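Computed over heavy atoms, backbone and side chain alike; hydrogens, waters and symmetry mates excluded. The shown structure was predicted, so the numbers you read here are calculated from the model rather than taken from an experiment.
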Amino acid sequence: MPSTTLAYAVVRGDPPAVYAADDIDTLNHVLALRVVAATPGGTIPTIQRARLQEAIVEERWGDAVAGWIEVTGIPVDVYASGLEVWTADRFAEPDEAGLELRLRPLFGSE
């Protein structure tokens, strides 16, 4: 059984925060709701706040996140895939795990 990959983001605020989702669209949705919408409106100039609000109301999650980064200057590192998630059921077959281990470089002679 192959591993699952996740999209994830590191919001480099103080303190930094990590968010993960099963794909980039869901990740943008999470960031828009948990980060962008959690920002106090009074901290964002009126015109930019209206743009962020519009993007969220129209469910343009990526636009909301990009606009928030621009307004706040807080970097957000977004990785569309590549974070492998391994679960216990991945190693449920003992024979497979044993064979897999014996094929790893540690068990080679070179």
- Task: Would you kindly confirm whether V11 and I44 end up in one hydrophobic cluster when ILVMFWY residues are joined by side chain heavy atoms under 4.5 Å apart?
- Result: yes
- Query: Same cluster for V30 and W61 if Ile/Leu/Val/Met/Phe/Trp/Tyr side chains link at under 4.5 Å?
  - Reply: yes
- Message: Whether the side chain of T72 engages the backbone of W68 through a donor-acceptor N/O pair (distance < 3.5 Å, no angle test) should be reported.
- Response: yes
- Task: Report the distance from atom CZ of R51 to atom CG of D63, rounding to the nearest 0.5 Å.
- Result: 12.0 Å
- Write down the atom of T26, the atom of D22, and the distance for their closest heavy-atom approach. OG1-OD1, 3.4 Å
- Write down the atom of T39, the atom of T43, and the distance for their closest heavy-atom approach. CG2-OG1, 3.5 Å
- Query: What heavy-atom pair brings A64 and V36 nearest, and what distance separates the two atoms?
  - Reply: O-CG2, 3.8 Å
- Note on the structure: Note: A80 and I24 closest approach over all heavy atoms is CA-CD1, 4.2 Å
- Query: Do I74 and L52 sit in the same hydrophobic cluster, where Ile, Leu, Val, Met, Phe, Trp and Tyr count as joined when their side-chain heavy atoms come under 4.5 Å apart?
  - Reply: yes
- Query: Going hydrophobic residue to hydrophobic residue with side-chain gaps under 4.5 angstrom, can you get from L33 over to I69?
  - Reply: yes
- Query: To the nearest 0.5 Å, what is the distance between CZ (R60) and NE2 (H29)?
  - Reply: 14.0 Å
- Message: If hydrophobic clusters are built from ILVMFWY residues whose side chains come within less than 4.5 Å, do V35 and V76 share one?
- Response: yes
- Query: Is it true that a side-chain atom of R49 and a backbone atom of G41 form a donor plus acceptor pair closer than 3.5 Å?
  - Reply: yes
- Closest non-hydrogen atom pair between P45 and Q48, with its separation: CB-OE1, 3.0 Å
- Query: What are the two closest non-hydrogen atoms of A32 and I56, and how far apart are they?
  - Reply: O-CD1, 3.8 Å
- Rounded distance [0.5 Å steps], CG in L27 versus CZ in R34: 13.0 Å
